[in-house]
Structure formats: structure tokens, C-alpha cells
**Q** 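Just passing along the structure, written as C-alpha cells.
Nothing here was measured: the structure is a model prediction, and the numbers come from that model.
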Amino acid sequence: RSGKTFSFAISILHRVMTTANYKVMVVTPYDVQAAEIFNTIRDLVNLLGETWGEYKDIIKRDIKGSPNHLMQFANGSRIRGFTTGSSGAGPVRGQGAHLIVLDEVDYMTESDLDSILAILADNADIELWMASTPKGKLILHKMEQIATYKSFHFPSFVLPHYNDDLDADFKNQLTPTGYVQEVMA
């Protein structure tokens, strides 16, 4: 597998498995995106098998779905998942985290981002990871302009399975803007 969801999931799982009492907050615009990250983490935990133990030995509590997701690990680490949705990111206020992961940030509002970024004031060592399919010069672009932030760009054609036929299909099926947003960005 490849892509940002898988990359987020494996990186988050590494952090919580190798650091006791580590807190991760995942925020997405819609529950389907949060659920995909959590389901990918569950799949990865099930693959750990003999090396780390069974799922029930690794994850002590696993709450799926509304209003948020929660995975608590045997080493005291946890992952909480929130959605901004139509009600905004208000529920994230007051939540502590060592790592904040924002997926599809360009589909959030600036008000959502204000609520989420306020958490950075709690601790100087909080990491912030963001990813999105860009929608133009919105939140992701704005954050990329901040000199202290690192930016990585991986267009779809770097995926191992991407080929000339798939690229031709996309060029024929997508609008020029859609091709730039979905393939180039």
C-alpha cells in the first residue's frame, strides 16, 4: 500500500508503539477519513503478530466512530480522532497531544485550524503534520509559506503502480484542474 493515509498510519503506530504515554490527535474534515486512518492502524497492529503480541495485548481500548475515535495502547499511549464536519473543530479544544495529524486540511475551515493550532501553545514540543489534496492556495499552501515548516510534495506518479496508461486515463477523464489537483498535487 502507499499514499498519505498509509504513511500517516504507519508513522503514528510507530510513535505510539515505541514511546510510552505518547498522545496523538488525528483531525479530519469527515469521519470517513478518520475511520480510514484508524482502520489502517488496526490492520497494521494485526500484522504485528509474533513480534509484538496479539491485538488484545497491544490495544487495551478501541472505540470506533462518533463522536470520535480512541485507541489506548498497553504502554499508556493513545490516539484520538476527531472530525471538524459541519460543527467545526470546537471539540478538539483542551485536548492534549504530543503529535497533531491533520488530514485533508484544505477541506477544513480557517476557524477549524484556529481551534486546532491553539493546542500548540500547550507545549513547545508538539509536532504538527498536515496533508491534503490541495484545493488551490488555501490552508496547506498558506502553511507551506511559513519558513520554519518543512514541506514535502509527492505527486501521484511517484506511486509504484502508476504508469503511462493510468496517466492517460486520468488526462482523458479529469478536467485540467482536476488533473493538477488529483494527480500532480
Side-chain angles (χ1 to χ4, degrees), residues 1-19 21-48 55-56 58-120 122-123 126-135 138-144 149 151-152 154 156 159 181-182 185:
R1 295 177 62 180
S2 58
K4 63 183 171 30
T5 300
F6 184 76
S7 297
F8 273 158
I10 202 161
S11 298
I12 291 166
L13 183 59
H14 177 263
R15 289 289 177 91
V16 297
M17 293 289 293
T18 60
T19 311
N21 302 308
Y22 195 80
K23 297 176 184 176
V24 177
M25 180 173 33
V26 175
V27 185
T28 64
Y30 305 106
D31 189 58
V32 67
Q33 292 143 337
E36 182 62 23
I37 292 171
F38 278 78
N39 287 337
T40 303
I41 291 170
R42 287 181 190 100
D43 291 345
L44 291 168
V45 169
N46 282 320
L47 292 175
L48 294 175
Y55 187 90
K56 65 180 179 55
I58 298 169
I59 298 178
K60 295 300 180 186
R61 188 170 180 207
D62 188 354
I63 299 173
K64 302 173 186 178
S66 286
N68 55 42
H69 300 263
L70 172 66
M71 295 177 93
Q72 291 181 325
F73 289 73
N75 68 354
S77 293
R78 69 150 167 84
I79 309 167
R80 293 192 72 179
F82 297 88
T83 58
T84 58
S86 59
S87 62
V92 304
R93 290 188 175 277
Q95 303 296 320
H98 296 102
L99 170 63
I100 300 172
V101 177
L102 307 179
D103 193 14
E104 295 299 357
V105 70
D106 270 359
Y107 295 83
M108 296 178 191
T109 68
E110 287 194 9
S111 177
D112 294 334
L113 195 63
D114 289 344
S115 296
I116 297 163
L117 294 183
I119 298 167
L120 297 176
D122 292 346
N123 180 340
I126 297 174
E127 283 186 79
L128 176 65
W129 297 349
M130 293 183 191
S132 192
T133 301
K135 283 178 48 178
L138 297 176
I139 293 172
L140 189 63
H141 176 76
K142 178 181 167 184
M143 300 304 279
E144 287 178 329
Y149 282 37
S151 177
F152 303 92
F154 298 101
S156 296
L159 296 170
Q181 280 185 307
E182 299 299 330

**Q** Any side-chain heavy-atom pair from M130 and L113 closer than 4.5 angstrom?
**A**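 Yes; the side chains approach each other to less than 4.5 Å.
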**Q** State, with a plain yes or no, whether a side-chain heavy atom of H69 is found less than 4.5 Å away from one of T28.
**A**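 No, too far: nothing below the 4.5 Å cut-off.
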**Q** Using ring-ring contact (aromatic ring centres under 6.0 Å, His included) as the criterion, list what pairs up with F82, not counting sequence neighbours.
**A**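 Testing F82 for ring-ring contact (aromatic ring centres under 6.0 Å, His included), a comparison that skips the adjacent residues, returns none.
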**Q** Is a donor from one side chain sitting under 3.5 angstrom from an acceptor on the other, for N21 and H98?
**A**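 No donor-acceptor contact under 3.5 Å links the two side chains.
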**Q** Does M17 reach the side chain of L48, with side-chain heavy atoms less than 4.5 Å apart?
**A**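 The answer is yes; the side chains approach within 4.5 Å.
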**Q** Rounded at 0.5 Å granularity, tell me how far CD1 in I116 sits from OG1 in T84.
**A**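 One finds 6.5 Å between CD1 of I116 and OG1 of T84.
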**Q** What are the two closest non-hydrogen atoms of N75 and T19, and how far apart are they?
**A**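 What the structure gives for the nearest pair is ND2-O, 3.5 Å.
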**Q** Could you pull out the closest heavy-atom pair between R80 and L70, with the gap in Å?
**A**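 Nearest pair, atom of R80 first, then L70: CG-CD1, 3.6 Å.
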**Q** Please examine the side chains of M143 and V105, heavy atoms only from C-beta on, and report whether any two atoms are closer than 4.5 Å.
**A**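 Contact flag for V105/M143 side chains = no.
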**Q** Is there a side-chain contact between L13 and F73, using heavy atoms and a 4.5 Å cut-off?
**A**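 When only atoms from C-beta onward are counted, F73 and L13 do touch, with a gap below 4.5 Å.
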**Q** In a check of side chain to side chain contact (heavy atoms under 4.5 Å, CB included) between M25 and each of N68, V101, V92, L99, which one passes?
**A**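 Result: among N68, V101, V92, L99, V92 is the only option passing the side chain to side chain contact (heavy atoms under 4.5 Å, CB included) with M25.
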**Q** Does S156 use its side chain to pair, donor to acceptor, with the backbone of E182 at less than 3.5 Å?
**A**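 Here the side-chain-to-backbone pair exists.
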**Q** Specify the closest pair of heavy atoms between T83 and P29, including all atoms of both residues, with the distance to one decimal.
**A**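 Between these two residues, the closest heavy atoms are CB-O, 4.1 Å.
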**Q** Under the rule for side chain to side chain donor-acceptor pair (under 3.5 Å), what residues qualify as partners of R78, not counting sequence neighbours?
**A**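 R78: no side chain to side chain donor-acceptor pair (under 3.5 Å) contacts found.
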**Q** Roughly how far apart are S7 OG and F152 CZ, rounded to 0.5 Å?
**A**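 Here the rounded value is 11.5 Å.
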**Q** Within the structure provided, determine whether V16 and Y22 are in side-chain contact (heavy-atom separation under 4.5 Å).
**A**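 Heavy-atom side-chain distance check passes, below 4.5 Å.
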**Q** For the pair I10 and L44, evaluate side-chain contact (heavy atoms from CB on, under 4.5 Å) and give the outcome as yes or no after the intermediate values.
**A** CA-CA 7 Å; I10 202 161; L44 291 168; 4.1 Å; yes
**Q** Roughly how far apart are R42 CZ and D62 CG, rounded to 0.5 Å?
**A**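 The distance works out to 4.0 Å.
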**Q** Can you tell me how far OH of Y55 sits from CG of D43, rounded to the nearest 0.5 angstrom?
**A**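 Atom-to-atom, D43:CG and Y55:OH are 9.5 Å apart.
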**Q** For the residue pair I100 and I126, establish whether any side-chain heavy-atom pair is separated by less than 4.5 Å.
**A**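 A side-chain contact exists here, since the closest heavy-atom pair is under 4.5 Å.
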**Q** Where is the tightest heavy-atom contact between S132 and P134, given as atom of each residue plus distance?
**A**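 Nearest pair, atom of S132 first, then P134: O-CD, 3.3 Å.
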**Q** Can you name the one residue among I58, I41, I63 that meets side chain to side chain contact (heavy atoms under 4.5 Å, CB included) with M71?
**A**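 The option that passes is I41.
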**Q** By the salt bridge (Lys or Arg N to Asp or Glu O under 4.0 Å) test, which pairs, at least two apart or in different chains, include something from residues 104-118?
**A**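 Residue pairs with at least one partner in residues 104-118: K4-E104.
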**Q** For a side-chain contact (heavy atoms from CB on, under 4.5 Å) check, start with the C-alpha distance between L128 and Y149, then their side-chain angles and the critical distance, and finish with the verdict.
**A** CA-CA 9 Å; L128 176 65; Y149 282 37; 3.8 Å; yes
**Q** Could you check whether any side-chain heavy atom of T5 comes within less than 4.5 Å of a side-chain heavy atom of D103, counting everything from C-beta outward?
**A**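 Touching, per the 4.5 Å side-chain cut-off.
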**Q** What's the separation between atom CE in M108 and atom CG in L140, rounded to the nearest 0.5 Å?
**A**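 M108 atom CE to L140 atom CG measures 11.0 Å (nearest 0.5 Å).
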